[in-house]
Amino acid sequence: MLLQEQWKEVLKKLENEVTAVTYDLWINTLTPARYQNDELILLAPSITAKTQVNQPGIFEKITKCVRSEFTPYTFVSIVEAHEYEESLRQTNEQAEEVETKETPTKSKFNKKYTFENFVVGKSNQVVCAAMQNVAEHPGEKFNPLFIYGGVGLGKTHLLHAVGNYLEEHNKDLNVLYVTCEKFTNDYVESIRNSKKSSNDFREKYRNVDVLMVDDIQFISKKMGTQEEFFHTFNDLYQNNKQIIIASDRSPNEMSALEERLRSRFSSGLIQDIQEPDYETKVAILKKKCSQEGYLVDDDVIDLIAQKSGTNVRDMEGILSKVVFYSSLLNKTHTSLEDAKEALKDYAETERVDLDANKIINTICEFFKVTKEDLISSKRNKEIVEPRQMCIYLINDMLNVPLTAIGTMFGGRDHTTIMHARDKISNQIKTNPHVKMLVNDLKSRLLKN
Ligand code: ADP
Ligand code: MG
């Protein structure tokens, strides 16, 4: 039967399930775009329509009727039509780019990111030990291994360290490292294209011995990505293949994560990586100096460790800046005096052009939400949290009065703005992850 006809049958059933208004206004505007791999993609003509039909009560009814017409395990994705076209266009372009370059499985790892180069301290010793264990005995003890922690604390470094270790000690294993974004793109491409590419996808992801997925917090509920990940996960897990996942937050803090994936992750080891303490920061800086051949006085190291936040990447950035500054003065050795001078300059340029727009854009980029949604009156968690964070940062970093922020956010009352701000500032006191997140966002914003 044609997809259109099948959908008509679904509509008939739905007509009896929802109110006439809901049916005429929203359900009847949906059109089927594709049915493939047990996924039915429906297009909504507008964001509003999409939001309406994705509401819990309605979405379940749609799924129920779809499943009775298609298969009992059909997964329904409702996306906005433009959004869908845009994602097709993007994957098209990407597909053209990678067509010739890509070799399936076997990833290339950054040679600098090894266990030897990773400084172990109180904040990361457990994570590091778990990763080493997994590298030595993949698929045995800690499976899946889920590591999480703030940006720049070494998660990607450790994943590559496992890859490098296996390349050296266990050459025959197929080790695949992907970012969550790459996984999603591969998947979207596979459902868009022919049967061949969908087979390629399965071949690529299910024939590995170790699968590492970085930055899983970006996993999207859209277009069945979680569904596919779930199947990939089960398949590998049942075959005793090792799965390692990295995220900037714990599974419980990932609001968009489907429950069944959350419970899969909990069946292995979930381990956090914390902010490095002062000694660890000093040790990391010293290691970096010896690796790169920097000649830097000890009190310069102390200064950087004190001045920098907890993001190791930012700290390394400050170190190179200081060394670069003294090289401009034709010095081979960096003294405290030079460092202070270099950092003075750093502090000044930091604050120059920060404004509310930059904060809004950074938040949108970080949380993957649109500016329209951020300003809108939508109340879903995925939008409310970034919005509160944005309000907090604008107030805290720019000292903009609450009423003015209210105007920026679609004419909201200042008490609403105050509530948002207070919510974050209370969370900073009680939840170390929120604190970490705020620090990270601030350090992003203070970068040029
Ligand atoms: P994340 O993935 O957690 O955001 P990365 O793994 O990209 O962080 O780390 C950022 C930078 O900091 C990298 O250059 C990494 O080598 C370095 N780094 C982080 N933690 C350590 C550590 N404990 N020892 C040495 N280098 C580290
Ligand atoms: Mg990373």
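On a predicted model such as this, the values are computed, not experimentally measured, just so you know. Nothing fancy with the numbering, it's 1 onward along the sequence. In listed order, ligands and their atoms are each counted from 1.
At the top of the distance list for atom 21 (C) of ligand 1, counting protein heavy atoms only, stands Phe118 CE1, 3.6 Å. Looking only at heavy atoms of the protein, atom 8 (O) of ligand 1 is closest to Gly154 N, 3.1 Å. When hydrogens are left out, the protein atom nearest atom 13 (C) of ligand 1 is Tyr113 OH, 3.6 Å; that is the closest non-hydrogen contact. Among protein heavy atoms, atom 24 (N) of ligand 1 sits closest to Val119 N, 2.8 Å. Looking only at heavy atoms of the protein, atom 18 (N) of ligand 1 is closest to Val312 CG1, 3.3 Å. What sits closest to atom 4 (O) of ligand 1 on the protein, heavy atoms only, is Gly152 N, 2.7 Å. Given atom 16 (O) of ligand 1, the protein heavy atom at minimum distance is His157 ND1, 2.6 Å. If you check which protein heavy atom lies closest to atom 25 (C) of ligand 1, you get Asn117 O, 3.3 Å.
Between the side chain of Asp297 and the backbone N or O of Asp299 there is no donor-acceptor pair closer than 3.5 Å. For Glu316 (side chain) and Asn311 (main-chain N/O), no donor-acceptor pair under 3.5 Å exists by modelled atom type.
Nearest heavy atom pair, residue Arg387 against residue Leu374, reads NE-O, 2.7 Å. Counting all heavy atoms, side chain and backbone alike, Leu441 lies closest to Ile363 at CD1-CD1, 4.1 Å.
At a 4.0 Å heavy-atom cut-off, ligand 1 touches Asn124 through the side chain alone. Only the side chain of Ile284 comes within contact range of ligand 1, with a heavy atom under 4.0 Å; no backbone atom does. Only the side chain of Glu316 comes within contact range of ligand 1, with a heavy atom under 4.0 Å; no backbone atom does.
Considering Leu402, Ile405, Leu393, Asn426 in turn, Leu402 is the only one that fulfils the side-chain contact (heavy atoms from CB on, under 4.5 Å) rule with Arg421.
Between Glu385 and Lys381, at least one side-chain N (NZ, or NE/NH1/NH2) sits under 4.0 Å from a carboxylate O, which counts as a salt bridge. Comment: Glu227 engages Arg260 in a salt bridge, judged by a side-chain N to carboxylate O separation of less than 4.0 angstrom.
Between atom OG1 of residue Thr280 and atom CD of residue Glu275 there is a gap of 11.5 Å, rounded to the nearest 0.5 Å.
Close approach to Val151 involves these atoms of ligand 1, each under 4.0 Å from a residue heavy atom: 4 (O).
Selection from Lys155, Arg313, Lys287 by nearest heavy atom to atom 7 (O) of ligand 1 gives Arg313.
By the 6.0 Å and 45° rule, Lys288 does not stack over the aromatic ring of Tyr294.
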